[in-house]
Amino acid sequence: MSKLIIKNVSELVTCRGRAPKHGKDMSDIGLIKNGCLVIENDTIIDVGTKEILKNYNEEEYQVIDAENKAVLPGFIDSHTHLIFGGYRAEEFSWRLKGDTYMSIMERGGGITSTVRSTRNTSDEEFISLGIKRLDKILDMGVTTVEGKSGYGLEKETEIRQLKAMKELNEMHPVDIVPTFLGPHSVLPEYKGKEDEFINLMIDLLPEIAKENLAEFADIFCEKNVFTIDQSRRFLTAAKDAGLKLKIHADEMYRLGGTELAVELGCTSADHLLQASDEGIKQLSESNTVATILPATAFCLKEEYARARYMIDKGCALSLATDFNPGSCFTNSIPLVIALAALHMKMTIEEIITALTINAAAAVGRSDRIGSIEKGKKADIIILEYPSIHFLPYHAGVNIVETVIKNGKIVRG
Ligand code: NIG
Ligand code: FE
């Protein structure tokens with residue numbers, strides 16, 4: 001049995017809770033000064049001030065002295081496009097010169113170009129690329145990551161992407177929550193035949209569900225991609241097949257994907273740059289988590305989502321990177337923290353909630369991860385500095401020193 005005590009923690013951030021935190025509750029991070037926690041095997045068995053230590057014989061434990069260090073739940077990146085082949089660096093340069101994401105897509109670039117390269121990427125390459133990407137995010141304190149398919153747009157490659165994530169999940173300390181994003185784009189051969197394409201994607205759902213290849217289904221609901229009706233049809237079929245739901249909603253145009261997410265009981269609605277006041281009101285009254293992706297807005301030079309307004313209206317927000325080869329080729333949690341603090345008027349407490357317990361809720365795992373409390377998985381990070389305020393202050397720099405995954409020290 002492995003036994004670990006972390007003591008003298010200058011700021012122990014518990015984020016306790018088993019459900020997403022809405023509005024003002026996002027500020028409640030359950031901070032304990034001079035805190036201490038006890039781990040046995042992969043589970044947290046006790047949390048508190050140094051008083052709790054008298055119940056344990058420290059000699060039986062590996063002890064980490066975290067004096068002058070802050071300790072938090074491991075970060076959860078709740079929206080990434082983890083598995084893809086090829087890159088689109090030249091496209092990024094075109095955008096810097098004035099091209100838009102949508103105009104490139106309409107010319108057959110964008111997602112279509114990654115679909116071509118992903119179809120030509122072998123299973124072995126998916127695994128070696130995946131390990132490199134997971135290693136990098138683990139360094140930044142990510143202990144669970146959501147990963148989408150969506151660069152195959154046909155059976156074989158979609159399934160290969162999902163299987164690669166399953167294999168990586170077994171091989172690597174970072175847990176992967178797989179999402180089937182078959183309806184991610186419309187290839188030129190399906191222009192005008194989007195309904196037919198949706199049917200093909202619906203046909204894949206029973207096998208994906210039966211083989212446990214995905215926990216979530218997702219769709220890119222957007223002007224010139226998939227309509228509200230097509231999104232409703234696909235997501236309803238996914239729900240019937242037993243999958244939980246996510247949606248890329250109201251990113252470039254206000255189609256009403258936010259309202260659809262609430263209507264269908266999606267676990268999360270993601271992007272939301274153009275979400276309407278009414279959509280935000282509905283979100284705030286629902287259990288759907290609003291997943292905000294500031295690095296995408298940054299890389300696309302778009303206005304940021306109205307995070308401050310959403311929190312003030314009572315929504316539950318999570319923050320994620322949206323790591324992908326096109327709109328946002330970054331998996332930097334420090335960048336996301338900096339943008340949320342400096343450009344979206346989120347406080348550091350709200351940012352931490354959005355990267356831990358609310359992100360856990362966005363991947364349907366808030367009963368198991370996302371907080372430091374009795375009974376939860378011991379996914380924990382130790383910072384190089386004594387206070388959470390160093391996270392936005394040391395802008396864009398990784399200050400995670402030690403990462404504990406399932407009770408084991410995997411970094412530091
Ligand atoms: O979340 N918006 C759609 N999908 C991705 C972009 C994928 C890509 O450009 O390859 C996103 O930003
Ligand atoms: Fe995305």
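Hydrogens, waters and symmetry mates are skipped; everything else that's a heavy atom, side chains included, is used. Atoms within a ligand are numbered from 1 in the order they appear, just like the ligands themselves.
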Would you mind running through ligand 1 and noting each atom that sits below 4.0 Å from a heavy atom of [X]?
X	result
N324	5 (C), 6 (C), 7 (C), 8 (C), 9 (O), 10 (O), 11 (C), 12 (O)
I111	7 (C), 8 (C), 9 (O), 10 (O)
H79	1 (O)

For [atom], which protein heavy atom lies nearest, and how many Å away is it?
atom	value
atom 7 (C) of ligand 1	Y151 OH, 3.2 Å
atom 11 (C) of ligand 1	D322 OD2, 3.2 Å
atom 4 (N) of ligand 1	H184 NE2, 2.8 Å
atom 9 (O) of ligand 1	Y101 OH, 2.5 Å

Do the ring centers of [X] and [Y] come within less than 6.0 Å of each other?
X	Y	answer
H81	H248	yes
F323	F84	yes
F329	F92	no

Of D270, T179, T291, which meets side chain to side chain donor-acceptor pair (under 3.5 Å) against H79?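 Result for side chain to side chain donor-acceptor pair (under 3.5 Å) with H79: D270.
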Is any protein N, O or S atom closer than 2.8 Å to the Fe ion (ligand 2), and if so, which?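 Atoms qualifying: H79 NE2, H81 NE2, H248 NE2, D322 OD1.
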Does R107 count as lying over the ring of W94, i.e. NZ or CZ under 6.0 Å from the six-ring centre, within 45 degrees of the axis?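 Relative to the ring axis of W94, which defines the angle, R107 lies inside both limits.
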Residue pairs involving residues 236-246 (criterion side chain to side chain donor-acceptor pair (under 3.5 Å); sequence neighbours excluded):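 For residues 236-246, and leaving out neighbouring residues, the side chain to side chain donor-acceptor pair (under 3.5 Å) pairs sorted by first residue read K246-S268.
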Looking only at distances, can you tell me whether any N or O atom of R88, backbone or side chain, sits closer than 3.5 Å to an N or O atom of ligand 1?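 Yes, at least one N or O pair falls under 3.5 Å.
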Distance-only N or O hit between ligand 1 and S327, under 3.5 Å: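 Yes, S327 has an N/O under 3.5 Å of an N/O on ligand 1.
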Can a non-hydrogen atom of T114 be found less than 4.0 Å from any atom of ligand 1?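 In this structure, T114 fails to qualify as a contact of ligand 1 - no heavy atom is under 4.0 Å.
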So for E222, does at least one of its heavy atoms come nearer than 4.0 angstrom to any atom of ligand 1?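 No, E222 has no heavy atoms under 4.0 Å from ligand 1.
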Just how far is it from atom CG of D77 to atom OG of S318, taken to the nearest 0.5 Å?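 Those atoms lie 9.0 Å apart.
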Qualifying residues under salt bridge (Lys or Arg N to Asp or Glu O under 4.0 Å), relative to E215, sequence neighbours excluded: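 In terms of salt bridge (Lys or Arg N to Asp or Glu O under 4.0 Å), with neighbours along the sequence ignored, E215 is linked to R365.
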Relative to atom 2 (N) of ligand 1, which among E251, K148, E91 owns the nearest non-hydrogen atom?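 Selected option, by shortest heavy-atom distance: E251.
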Just to verify, which of F234, Y190, F220 counts as forming a ring-ring contact (aromatic ring centres under 6.0 Å, His included) with F197?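 It is Y190, the one option of F234, Y190, F220 that forms the ring-ring contact (aromatic ring centres under 6.0 Å, His included) with F197.
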Is E170 salt-bridged to K166, cutoff N-O under 4.0 Å?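 Judged by the 4.0 Å cut-off on N to carboxylate O distance, E170 and K166 do not form a salt bridge.
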Residues in side-chain contact (heavy atoms from CB on, under 4.5 Å) contact with K210, at least two apart in sequence or another chain: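 With neighbours one apart ignored, the set is empty.
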No-hydrogen, no-angle side-chain donor-acceptor test under 3.5 Å, N358 and T353: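 Short answer, no.
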